[in-house]
Amino acid sequence: MFIGLYNYWVVIVLMMVGFYIVIAHGNLIKKIVGLSIFQTSVFIFYISMAKVDGGSAPILADEINQYSNPLPQVLILTAIVVGIATTALALALAVRIKEAYGSIEEDEIQKQDNLD
Amino acid sequence: MSLSLESMLQFSIILPLLATIGIVATGHKPNLREAVTITTSLVVLYFVISLYQGLQQGESISVYWGELLPGLKISFSIEPLGMLFALIASFLWLITTVYAIGYMRGHHEQNQTRFYSCFAIAISSVMGIAFADNLFTLFIFYEVLTLSTYPLVTHAGTEDAKKGGRVYLGILLSTSILFFLLAIISTWFVAGTLDFKQGGVFAPDVNPLVAGTILVLFIFGIGKAAIMPFHRWLPAAMVAPTPVSALLHAVAVVKAGVFTVLKVCVFIFGIDLLAILPSTQFLLYLAGASVLLASLVAMRQDNLKARLAYSTVSQLGYITMGALMATSAGVVGGSMHIATHAFGKITLFFCAGAILVAAHKSEISQMRSLGRQMPITMIAFFIASLSIIGLPPTGGTWSKWYLLMGTLESEQFILMCILIISSLLNIAYLLPIPFHAFFSGDKSSTPDSGIKEAPLPSLIALSITTVGCVILFVYPQPLYDLAKAILAT
Amino acid sequence: MLIAATLAILVVMIMAIMRVFIGPTLYDRVLAVNMFGTKTVLLISLLGFVMGRPEFLDIAIVYSLINFISVIGVLRYSDHFIFKQSGQSKK
Amino acid sequence: MKDLLAVAMLLSIYGLLSASFFVAMDAVDVAFTEASVGAGISTLLMLVAISMTGRAEHPSRHKPLLALAVVIVTGSLLIYGTLDMPYFGSAEAPIHQHIAPRYINDSMQEIGVPNIVTSVLASYRAFDTFGEVVVIFTAGMGVLALLSVVRRSPVDIAKIVLFNDAMHERHLILRIVTKIMIPFILLFAFYVQFHGDFGPGGGFQAGVIFASAIFVYTMLFGMNTARRVINQSFIQVLAAIGVLLYGCVGVVSLFNGKKFFDYSALAIDPVAGQHLGILFIELGVGLTVASVMVIIFFNFAGRNETPRNSDKQDL
Amino acid sequence: MIVHLPILQVIIPLMAAPLCLLLTRPRLAWLFSLIASGLAFLISGMLLQQVMTSGTIIYEMGGWEAPWGIEYRIDQLNALLLLIISALSTIVLFAAETSIHKEIPADKHTLFYVLYLLSLAAMLGIVATGDAFNVFVFLEISSLSAYALIALGQDRRALWASYQYLIMGTIGATFILIGIGLMYQMTGTLNMYDLSIRLPEVAQTRTVFTAFAFVIVGICLKLAMFPLHLWLPNAYAYAPSIVTAFFAATATKVAIYLLIRFTFSVFGLSFSFTHLPLQLLFVTLGLVGVFVASTAAIYQTNVKHLFAYSSIAQIGYMIVGFSISTAAGLTATLLHLFNHALMKGALFLALGAVMYRIGSTQLSNFQGLGRQMPVTMAAIVIGGLSLIGVPLTVGFVSKWYLVLAVIENGWWPVAVLILAGSLLAIVYVWRIVEVAYFKPALAGTETIQEAPLSFLIPVWTLVIANIYFGIDTRLSVQVAQAASQSLFGVSP
Amino acid sequence: MRHTILLSLYLAAFWLANSGHYSALMLSLGVISIALVVFIAHRMDVIDHEAQPLHLTLKLPAYFAWLIKEIFVSNLLVVKHIWLGNKSISPVFMTITASQKTELGKVIYANSISLTPGTVTVNIEGDKFLVHALLTQSIKDLESGDMDRRVTQLEN
Amino acid sequence: MDAFIHISSSLFLLIGSFLCLSGGIGILRFPDFYTRMHAVGVTETLATAMILIGLILYNPDFLVDVKLVIILLMTLFISPTAGHALANAAMLNDKMQKDDNKQNSEVKSSTS
C-alpha cells in the first residue's frame, strides 16, 4: 500500500504524539493514554517490519508459498500483554493517588507534596 | 618472656586494640578500667623497648600480614625513624594516661570509657604507622587514626565541639583522600611499588614534573603535618579535653603527620631525588611561611591552648622543612625535633590542663601571679618553653641546631633567617607567661583565691616530661644515634 | 468491487472519527465509536477477502463482541457520573 | 480534549484502527489480541478508573516547550534511523532471510501446527511466553496489592452507594440480550482457546474473551452477584495454577532429561509431544489471563464501592 | 540436574511466586520465599564456580538451538551478577518478616512475598538470558513488581513515586523495545551472541546507530543515570524498607549489567566507543552525576532520601569506570557493583531497623540513636565509611581500582574529581553520625530499644562482608577481573 | 432442565459451525467446553425462559421476514432524508403503549423499533415506551400498532 | 451461474457501500444526538447486511459463510440494544442537566 519508508515515518509520528502526551500532560490518566499510544505505535512499527510484499498471514495453507514473518508478530503478542499489564497497574496507581491526594493533576500533587 | 621480636611487633599493634575490648568491658568500674589501660601501656612500652634493643643489635624484624589488593601488602618492619616514633609514642601514652586519670576525674568528664577506648585505638594505629613497611599500610593506619581521634575531639559533645570536630575530620579526611590517596595511587602507578626503600622507589630517570607533582600531593595530602593552608584543624581541635590535645600535639596525630612526611621524603623519594625536584623549593618556602605566619598568629592568641596550637603549627613547619631540605643534617634535625618537640609540647599542654583543672583558667591574661599557687606547674611550663624555643638546658637546643646546620648545608639562607626569627618569636609568645605568673600581678588577690596545685597524677606526669626535656639535653646520644641511623641503613 | 467497498468503509470510518472529535456531547462520541466499531468489523471481513485469506473471521466476531461490551461499559460508568451528580445535588 | 471519557473513546478507536492495520499486515494473531485488549479491556479499565478519578482534566500550567523539544529530537533521531532501513515489504530484508525461513519451512515437520505464530510462540520461544504469563500474573498481583480492600463488615456493605449495584432492573433490554449472549461468548472463548493451533487465537485471546463475558455479567448484575458466582480467592488460586501449569510442563521435560520446555519429552513421538505441550501451555496461559483479568476488574470495580465517607486515606 | 542449573536459577523463584500465593499464612510464605531465595543463592554459587572453572555455559530452552530458540548464556559477568542478586535478596529477605509487620497491612503480606519473588526471579532472568527480547520481557516483570512493591509503602507519596517510576520505566522499556526492533531489522536476529556477530557487517548504517542510541537511553532511564535519575530518590525513600534495601542493592546493578552487556558484547567495543563521542559523554555525565547527587544528598532531611541520592552518585562512579572502556575500568566498575551492593544493602537494611523502632527515617529523629540503638548505628557508621571509601572497607577497594584505571588512561583531572566526590560523601555521612552520636535523645524516646535480632543478623552479615571483602579482596577482584577480561577477549 | 438441554444444543451447533476441525481430540474438547460453559451459565443463573425462548422458535421466522421488509423500507426512507438534508426531517419524542405481557415480548418489540432506522426506543417504563423518531411520519406508523400486534402474536 | 453470483455479490456490496456512505454523511450532517442515532442505524442494519450478504455470495466456503452469518446475526442483535442503551443514557443525562443546571460542574465542562 505504501512505498519505501513512508509508512515508517507515519508510525514514528504516531509514536511521538504518544510520547508527547506522556511527557507534556499533567493529568495522570492522560499520561497513561499517551503511554498506551506510544506503545501501540511501537507495535505497529514491529508489525510493519514483518510484512512481505505478496506475503500472507503466517498460518500454513495449501497453494500459498509466501508468508509474512511470524517472529515480530510473536514478539508483539508478548509486548501487547506487557502493555495491558502496565496500563492496568498504572490505572490502579492513579486511582490510589486520587484517593490519597484528591487529585490526579501532576502539579497539584506536587504542590501537596511540597507542603508536607 | 620468650616472645620473638616479630610477635612483639605485632602485639604492640594488637594489644592496644585488645585493650579496647577490656576497657569497654570494664567501663562501669573506673579503677579497673584505668588499670587495664596502664597495664597495657606498660606492656606495649616494654615491647617497644625490647624492639629497640633488637634494632640496636642489628636484627632485621619484619612481619607480613597479607595482601589487600594484588601487590598491596600489609606488612611491618622496623627501622630507626619508626623506632624513634614508636618509642616516643608508647612512652608518652603511659604518661598521658597517668595524667588523664587525674585530669578526667578532676574535671568530671562524661563518657570516660569512650575516651580511653578511642585513645587505645589511636595508639594502636600510631604503632601501625610507626612500623609500617609500605605506604599503603601506613595510609590505612593513618585513616584509622583520624577516625579514632574524631570522637576524642568532639568529646564534650557541645555545639563548639561538634564544629571543631567537623573541621578536624573535614580537613584531615579530605586532604588524605583527595591528595594523599591520589599521590599513593600515582606513586603505585609510576613506581610500581609502595614499599619504603632507602633512597626512594622512583627510578632515577623519572619525569621530574610528575614526581614533583606527586611530592606536592604528598605534602598537601598529609594534612596531619598541618602545613598552611591545611592547618585549620589543629586550632579547631582545641575544643577537646587537654589529654586529647596532648595526644594530638605530642603523641599521635601531628607527629604521625610529620613522621609520614619524613618517611615519604626519605624512603619514597630519597633525598637525592628530592634535591632536584622543582617543587621542593616551593614547598620549602611554603613550610617556611607556615613557620613564620603561625608564630605571628600565636602571638595574638589570648587563649593558652590556642596559642600552643599555633605554636605547634609553627614547630611542625620546622620538621617539614628539615625533611624537605634534602640534607642529612636536615633529616637528623627534623627527626630529633619530633622527639624534643613532643616532650616540650606535651609538658606545655599538661601545664595548661593543670591550670584549667586547678584554677579553671584558660585565658593567658588571667594567669598573672599564678606562679605562687602552682609553682611546680609553672616551673615546668618555663622549662618546656625553653625546649620549644631551643635554648639550653633542654633537648630542643639540639634539634634546632641540626636544623640550622641543615639550612647551611643546603645554602638556604632565607630559611635560616626564618628559623632564627621564629625562634625569637617563640621567646616572645611563650616566655611572658611564666614570667607574668611569677613576677607580676597584684598580690592582693592571691589569698582568697584558694587555688592549689593540680591533682597528683597530673603533677607526676608533667614532672616526668619536664625531666625528659632536660634529659634530652644532657643525654641526647641515643636520640642522635637513631636519627643518624635513618639515612645510614 | 471488494476494494471499492473497503474504501467506502474507510471513508465512513474517517467520518466517524470526525464525529468523535467534534463531539459535542459524550454520547455523540460514544455513538461514533460504536459505529466505528461496527465498521471495523466490516472492514476486517472485507480485508480478509481482499487478501485472499477469508478464514480469519474470528477476529471480526471478537470485534463485534468487544464493541458491545465497551458500549455497556460506557453506559455503566457514565451512569455513574449521572448518579454521582444527582447524589451531590440532592445533598 | 479535556473530557477524559472522550480521550478513552479515542484510545479505543486507536486500538481498533491499529488492529485493522495489523490485519492488513498479515498479523492476524496480533490483530486478534489488539482488538480484545487495546479496544476492549484497556478501554474498559480506563472507564472504570475514570469513573473513580473524575473525568475532567484541569488546564495545565506548565509550558510544554521542553517536552516538545525532547519529542522532536527523539522523532528526528528515529527518522534518521529509518533512512538505512530495508524498504517496507521488501523480501530481501535481513529479517526475512536469517531466522524466519526456518520457522516457515520447518515448523510443520518439527511441531506439526499450521499456525506458525503459535508454534513460535509456544515452542521455539516458549520461554518468552512464559515471561508474558508471568507479566500478566505480576500485574494481577500488583493490582491486588494496590486496590484490594480488606473484607468489610456487613454494616459497611449496607452503606455501599446505590450506583454500584445491579443495573439489570432498569435495563430490561440489556438484561435479556446479555443473558442470551453470555453462554455464547463463553463458548467462543473456549473455541478460541482450542483452535489457536489452526487459526488466529490462543490462550491469551481466549482468556481475554472469557474475562470480558464476566465483565459484562458483572456490570449488569452488580458486584455482589458476581462475587457470589465467582469466588475471589478461588480465582486467585486459579491465576497461580495457570502459571504453575505452564511452568510444570517445562519441569516435566526437565525430569525427563530434556531441556526446559522441550515438549518432545512429553510423548513418544516428538511431534505429538510438541502438540500436547502446546495444548497444555495454552491452557495455562488462558487460565492465568482470564483469572487475572477478572481479578483486575473486580478489584477496580470493588474499589469503586468503597463507602464514600470512611477509610479513604488509610488503605 | 547440574546441566540445568542456569534455568533452575531463574525458574525456582519464578515458580515459587505463584506457589507462595497459595500459602495464605504470611509466616509460611516468608519461610517459603526465604527457602526459594536461598536455593537461588546456592545455585548461583555453584554456577559461578562452574563458570570460573569451565567457561561459558549455554543452555537452550526447549532444546531449540540459539538463534531460533532462546538460550541462557552464563559467562563470568552474568554469574557474578547472579550471585550478587541472589545473595543480597536472601540476606534482605531474612529481615522481611519483622520489617513488613510494621509497614504493610497484614492482609497484604503474602502478596508482598509473591511480588518480591517475582522481582527477584525477573532480575535473575534479565541477567541470565542471552536473548535481547527476553531481556525486555523480564525487565517488564521486574519493573511491574517493583512499581507494586514501591507503592506498598506507608506514605501516600509512595504512590506518587511509584507512578513516576512507572512512567519513566515504561518509557525506558519502550525505548529499549524500539532499539531491539531496529537491531532486529538490520540483522534478523534477537540472540545477543548472534547479534554481536552480525552487527559489525551493518555497523556503519544510521539505523544501527539509532538502535544503539535508543537502547542506551532506555537503559540509562532504568539506571537512573544523571540526568535521568529523577524518579529514584522518592521511589527509594517511600518504599517499604525491605524493598528499598533490596532494590538499592540489586536493581541498578542489573541496569548497569545491561549497559555493559549491550555496549561491550552486543554492539562491541569498537562500535560503542570509537565511532561515537560516547566516552566523553559518559565521563561527563558520570562525574556531574556524582557531584550533583552528592550535593543533593547533603541537603536531605530524610536519611532514606540521603542514601538514595548517594546511590545516584555511586552510579556515577560506575559509569565513569565503564566509560574508560578498558579492562581495568570495567574491573573497577564490576568491583564497585559488587561492593556497592554490600554497602547499600547494609545501610538500607539498617535504616529498616531504625524505621522499625522509631517509625521514621527523618534525620531529626536520629538524635541520640547512637546510644539507644548502638549496634544498628554502628552498622550505619561502618556502611557510611565504606561509602566514603575508607581503607579496610570495600568502598576503598573499588575506589582504588577506579582511580588506578583512570590514571592508567591518563585522565588525571578525572581522578582528582573522583576523589573529590568522596569528600562530599564524608559530609553527608557525617551529618548522620553527628546527629546520632552528639545530640541528646529527643524527649519521649527513652523507650527505644536496640533493633531485634532478625534485623541485626542480616545487617551485620552485610557489614562484616563489607569489611571482609575490604580486606580479603581475592575473591571479588579475581571474579571481576575474569569477567572483564572475558568481555574484552570475546568482543570483536 | 429443558432450557439447559436446549442451550447445550445451541452451543453444540455453534461449536460445530465454528470449529471446522472434527478430530476426536477437538470434539472431546468441545464437549468439555460446552459442559463447562453450561456449568458457569448455571452458576450465573442466566439459563431461563428469557434467555432461551424456545417457545418462540417456530413463530420467529415469519416475524423476521416481515421485519426485514420493514427494515428495508425504513432504511431507504432515512437515507432519502439524509440526502435531503436537515430541513426535511422532523425529529420528535413520543410515548407509545406496548401491549405485550412478558418482558421478553417487550424487549423484542423495543428492539424491533430500534432496528428499523428512523425510530429508536429510548426508555421503557412499564408498558410505556419512549420513542424518538426522525420523522413524525414514522411514529404515526408505529402508533398504528402493526408491529405491536405482530410481536404480541408472537408471544402467544 | 458463476458470473451471476459474482455480479449479484458485487451489486450487494455496492448497495452496502452506498448505504454506509449515506449513514456516514448522516452522522456528520444531522443536528443532534438522537437524529444522528438514526443515521447510525442505517449503517448498522441494512448496510452491514448488504455487505455481508455480498461477501457470502462471493465465497462458497461453508465455514466462512457460517461465520459471516454469525457476524450478521450478532450485529442485528447487538446494534439495537446498544443504540437503545445509548439513547437511554443520553436521555437520563439530559434530564439530569435540566434538573440542576446550577452547580453541575463536571458534566457541563465536558459537554459544552
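Lettering follows sequence order; numbering is per chain, from 1. FYI, side chains are in, hydrogens and waters are out, and symmetry mates aren't considered; it's all heavy atoms of this structure.
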Using non-hydrogen atoms only, which part of [X] is less than 4.5 Å away from chain D: side chain, backbone, both, or neither?
X	result
A:Phe38	neither
A:Ala88	both
A:Thr87	side chain
A:Ile37	both
A:Leu91	both
A:Ile104	side chain
A:Met15	side chain
A:Ile97	neither

For chain A, which candidate among [options] shows the most heavy-atom pairs at distances under 4.5 Å?
options	answer
D:Tyr103, D:Phe22, D:Phe32	D:Phe22
D:Val133, D:Leu147, D:Ile296	D:Leu147
D:Val292, D:Thr82, D:Ile99, D:Ile72	D:Thr82

Could you go through the side chain to side chain contact (heavy atoms under 4.5 Å, CB included) check for D:Val70 and A:Phe19 one step at a time? CA-CA 9 Å; D:Val70 170; A:Phe19 191 35; 3.9 Å; yes
Heavy atom to heavy atom, less than 4.5 Å: which residues from residues 108-118 of chain D reach chain A? D:Met108, D:Val113, D:Pro114, D:Asn115, D:Ile116, D:Val117
For [X] versus [Y], what's the shortest heavy-atom pair and its separation?
X	Y	result
A:Ala57	D:Val28	CB-CG2, 4.0 Å
D:Ser42	A:Ile84	CB-CD1, 3.7 Å
A:Tyr8	D:Phe88	OH-CA, 4.0 Å

Quick one: [atom1] on [X] to [atom2] on [Y], what's the gap to the nearest 0.5 Å?
X	Y	atom1	atom2	answer
D:Asn105	A:Tyr67	CG	OH	10.0 Å
A:Ser68	D:Met25	OG	CE	8.0 Å
D:Met52	A:Arg96	CE	CZ	12.0 Å
D:Ser119	A:Leu60	OG	CG	7.5 Å

With side-chain contact (heavy atoms from CB on, under 4.5 Å) as the test, pick out the partner of D:Leu4 among A:Leu28, A:Val33, A:Asn27. A:Asn27
Judged by modelled atom types alone, do A:Ser41 and D:Tyr14 share a side-chain donor-acceptor pair under 3.5 Å? yes
